[in-house]
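The structure appears below as structure tokens.
Both backbone and side-chain heavy atoms feed into the values below; hydrogens, waters and symmetry mates do not.
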Amino acid sequence: MAKSESKPARESVPAGKKAKKVGMEDAARFDFSGARASAEPQAYYDGIKARFAQERDLRLDYRPEGTAQFTSDLTGALAKYEIDPHAEEPTPRTALKDTVEVLFIGGGFSALLTSARLREKGVESIRIVERGADVGGTWYWNRYPGVACDVVSYDYLPLLDELGYVPKDNYAKGPEILAHCQAIARRYDLYDLAVFQTTVTSTVWDESEAVWRVETDRGDEMKARFVVCANGTLSKPKLPRLEGIERFAGHSFHTSRWDYAYTGRDLEDLGDKRVALLGTGASAVQIVPRLAAAAKELYVFQRTPSSVDLKDDRPTDPEWAAGLEPGWQAQRRERALAGGERSSSLAQKLAEIPREERVRRQENANIEYVMKIHAHVEDSVDDPATAEALKPWYMFMCKRPCFDNDYLPAFNRPNVHLVDTRGEGVAEIRPEGPVFEGRVHPVDVLIYATGFEVQKTGIYNRIVGRDGLELEEKYASGIRTLVGIHSHGFPNLFIMGGYQISTLFNLTDVLQVQGDHIAGCIDYARRHGYRSLDATAAAEQGWVDEVIAHRGKTSRNADCTPGYYNFEGEEQRRQDGNYNGSFPRYIAHVDDVLERIEECFRFESD
Ligand code: NDP
């Protein structure tokens, strides 16, 4: 426990006030390139780097088991953590035995934006099969108080041009994003064939008919010419494997299954409740201020502090919105992606700096940025010990950075208690509440803000390709894909948001690149009368080589404190992570595959 109980609540920092000094825009402008000479003597940076390493080692010593410390097998005693609180129990329906042209597993952004492109190309028979009771994916499930997106809304929300919609604020809130997903589904008639509250259980390639046979937990036995695994990169909630987790006697749930029936719509039922929140990632950062204002007592269990910066949120300027020309979002995206490439003068400047010096400067700049975050914590949190505990000690972007104006000041409230586990984490839950250092913290409700399984899209159900090969079995000796989207031996199957792709802070950009590509492939096969396309083994090998070539370029993964970005500190995987070439390079590769489609795929005709 890191703070005095007697501090008065402090006003939160008004949006936009300090954001000129720190904040997301500041992070975007900050020069991490290595072109700028470091401001301090090297010993200053070396000292901080040594502290970073210490903190990482501490975390690893406590949890050397990497991703195995979590479970997403939410069955048995843990089944309640996956129940959908947003819908009634599904009503019985007749099992489907029909055939569609394109079937999406999952109904989030991936399915929606790819479907839009398919519709533009004249594909009529599109079915979304979705576990939730509506489209929206992440935004269907995550409805916790304060849910919003940290990517500027005009970039994050897909298909704004197509729908003629301008988001209400600089950063869209969850309900607006969900409504936008529903609007897309209506605009492209995606509800017609969609089935909800349905989970795909197996997807098996039928060579004789060149179709996928798709089975679900509702008894469906459908056929689809093309299948797109659009299950999302962070869609399955995970829980830490904690001793006694199933014995907690109070109420508990995961943030992605927020139980408003318990908390009240405006959290009004928490006024007499002691609440524990486990985890301090991006979800927790948005939730804490709301819980702080509503709960009788709030205990925030922290293992590793997030880097929390200001968010310059504001309503959309109506004049600006009124002046937008058709196609504004596409142009904005084009400009942003082009801006991601280094200007030739910067590239030349960087080329003149020896590699070692460049890397040192990049690290030093990163450290300077982290120290700005530290100063911001000191500025926002009254109690010095609490402020100290909330400072992140790792390079910026080792973990997903967070942005919220009210998170840090929430710790100034007398009813908010930071339980800083200093890297160890909670290891045990007793019927009364979580235990740390032998002390039980009795609570009425325990909320797990412990995140999601990462990027396993594509292997959630049993996918069996040519010659009875299971995708999971194929991946067991290392992921093998072509641009992260295709896998040899699995014809007419496309994976979105999986491994071996280049990711960006704005995931929509990645999904759009993939969706355009998939629609292009399907369109090509249809126009040429091909019944199937399968990435060749050679094309796939080329991509695996490319992924490996870009791995290990930096020691970043090994140096970073554990988190889902680096498989919780598991040793550097050769080909199982993301593509570490740049995003422009990834786009070029994806485009190249479409341009050389006859070379990269084996096609079969009827
Ligand atoms: P995260 O995986 O980011 O965070 C999980 C949290 O649980 C971490 O703080 C982790 O600590 C903690 N934890 C795990 N095990 C224990 C333990 N035994 N004891 C104590 N703490 C523990 O999940 P989130 O749901 O917060 O976010 C997932 C992702 O979803 C984000 O990274 C982001 O990509 C996206 N998102 C985006 C939002 C936005 O745009 N604003 C909002 C919410 C989510 P440790 O760090 O030590 O592992």
Side-chain angles (χ1 to χ4, degrees), residues 19-50 52-53 151-152 155 307 309-310 312 331-376 392 394-401 403 501-506 509-510 513 546-560 565-566 572 577-592:
K20 291 189 183 72
K21 281 194 220 139
V22 284
M24 213 172 320
E25 285 81 0
D26 191 54
R29 278 193 302 267
F30 202 82
D31 181 5
F32 293 103
S33 72
R36 184 171 57 84
S38 305
E40 305 287 340
Q42 191 54 38
Y44 165 82
Y45 301 104
D46 290 345
I48 294 172
K49 264 187 86 172
F52 285 2
V151 180
V152 169
D155 301 317
S307 138
D309 211 336
L310 291 169
D312 186 13
Q331 286 161 18
R332 187 180 159 96
R333 181 165 182 264
E334 227 165 79
R335 277 196 307 273
L337 292 178
E341 290 172 62
R342 287 194 167 130
S343 70
S344 52
S345 61
L346 176 61
Q348 193 183 340
K349 192 169 175 191
L350 288 172
E352 284 161 11
I353 305 168
R355 186 174 184 279
E356 208 176 305
E357 172 62 11
R358 205 169 61 226
V359 171
R360 189 170 25 241
R361 285 186 187 186
Q362 284 167 350
E363 287 179 349
N364 294 351
N366 193 311
I367 289 168
E368 285 171 22
Y369 193 79
V370 176
M371 292 306 114
K372 281 178 80 164
I373 299 284
H374 282 199
H376 173 51
Y394 46 82
M395 291 282 184
F396 185 65
M397 291 304 290
C398 272
K399 278 179 176 288
R400 200 266 193 195
F403 304 89
I501 64 171
S502 174
T503 58
L504 279 187
F505 197 63
N506 183 12
D509 275 338
V510 181
V513 167
E546 170 75 5
V547 171
I548 292 172
H550 286 276
R551 278 217 128 351
K553 278 197 307 195
T554 71
S555 57
R556 190 182 167 80
N557 265 2
D559 293 344
C560 273
Y565 278 12
N566 66 350
Q572 178 99 321
N578 292 330
Y579 171 56
N580 286 349
S582 64
F583 189 63
R585 198 191 273 251
Y586 178 68
I587 299 179
H589 278 289
V590 172
D591 289 348
D592 181 56

Between Tyr45 and Ala39, which heavy-atom pair has the shortest distance, and what is it? OH-N, 3.2 Å
Test item: Ser33 and Leu350 side chains (from C-beta on) under 4.5 Å apart, heavy atoms: yes
To the nearest 0.5 Å, atom SG of Cys560 lies from atom OH of Tyr565 at 10.0 Å
Working note: Arg36 + Glu368, criterion side-chain contact (heavy atoms from CB on, under 4.5 Å); need CA distance, chi angles, decisive distance, verdict. CA-CA 12 Å; Arg36 184 171 57 84; Glu368 285 171 22; 3.1 Å; yes
Ile353 and Arg361 have their tightest heavy-atom pair at CD1-NH1, 3.4 Å
Look at the side chain of Asn580 and the backbone N and O of Arg551, then say whether any donor-acceptor pair between them is shorter than 3.5 Å. no
Got Phe583 and Val510 here, is their nearest side-chain heavy-atom distance under 4.5 Å? yes
Test your reading of the model: is there a side-chain donor-acceptor pair from Tyr586 to the backbone of Ile501, 3.5 Å cut-off? no
Atom pair CD1 (Ile367) and CG (Asp46), whose distance is rounded to the nearest 0.5 Å: 7.5 Å
From Glu546 CD over to Arg585 CZ, what is the distance, rounded to the nearest 0.5 angstrom? 6.0 Å
Where is the tightest heavy-atom contact between Pro392 and Val370, given as atom of each residue plus distance? O-CG1, 3.6 Å
Work out which heavy atom in Pro401 is nearest to a heavy atom in Phe396; give both atom names and the distance. CB-CE1, 3.6 Å
Stepwise, does the side-chain contact (heavy atoms from CB on, under 4.5 Å) test hold for His374 with Ile48? CA-CA 12 Å; His374 282 199; Ile48 294 172; over 6 Å; no
The single option from Asp155, Asp509, Asn506 that satisfies side-chain hydrogen bond (donor to acceptor under 3.5 Å, both in side chains) with Arg333 is Asp509
Do Phe52 and Glu363 have side chains that get closer than 4.5 Å, going by heavy atoms? no
Compare all side-chain heavy atoms of His376 with those of Leu310 and state whether any distance is below 4.5 angstrom. yes
For Glu334, what residues pass the salt bridge (Lys or Arg N to Asp or Glu O under 4.0 Å) criterion, not counting sequence neighbours? none
Checking Arg400 against Phe505 for the side-chain contact (heavy atoms from CB on, under 4.5 Å) test, could you report, in this order, the C-alpha distance in whole Å, the side-chain angles of both residues, the deciding distance, and whether it holds? CA-CA 9 Å; Arg400 200 266 193 195; Phe505 197 63; 3.8 Å; yes
In plain terms, say whether Lys349 and Glu352 are close enough for a salt bridge, that is, a side-chain N and a carboxylate O under 4.0 Å apart. no
Heavy-atom neighbours of Glu356 CD exceed 12 at 6.0 Å: no
Output, in order, the C-alpha distance, side-chain angles, deciding distance and verdict of side-chain contact (heavy atoms from CB on, under 4.5 Å) for Phe32 and Met397. CA-CA 11 Å; Phe32 293 103; Met397 291 304 290; over 6 Å; no
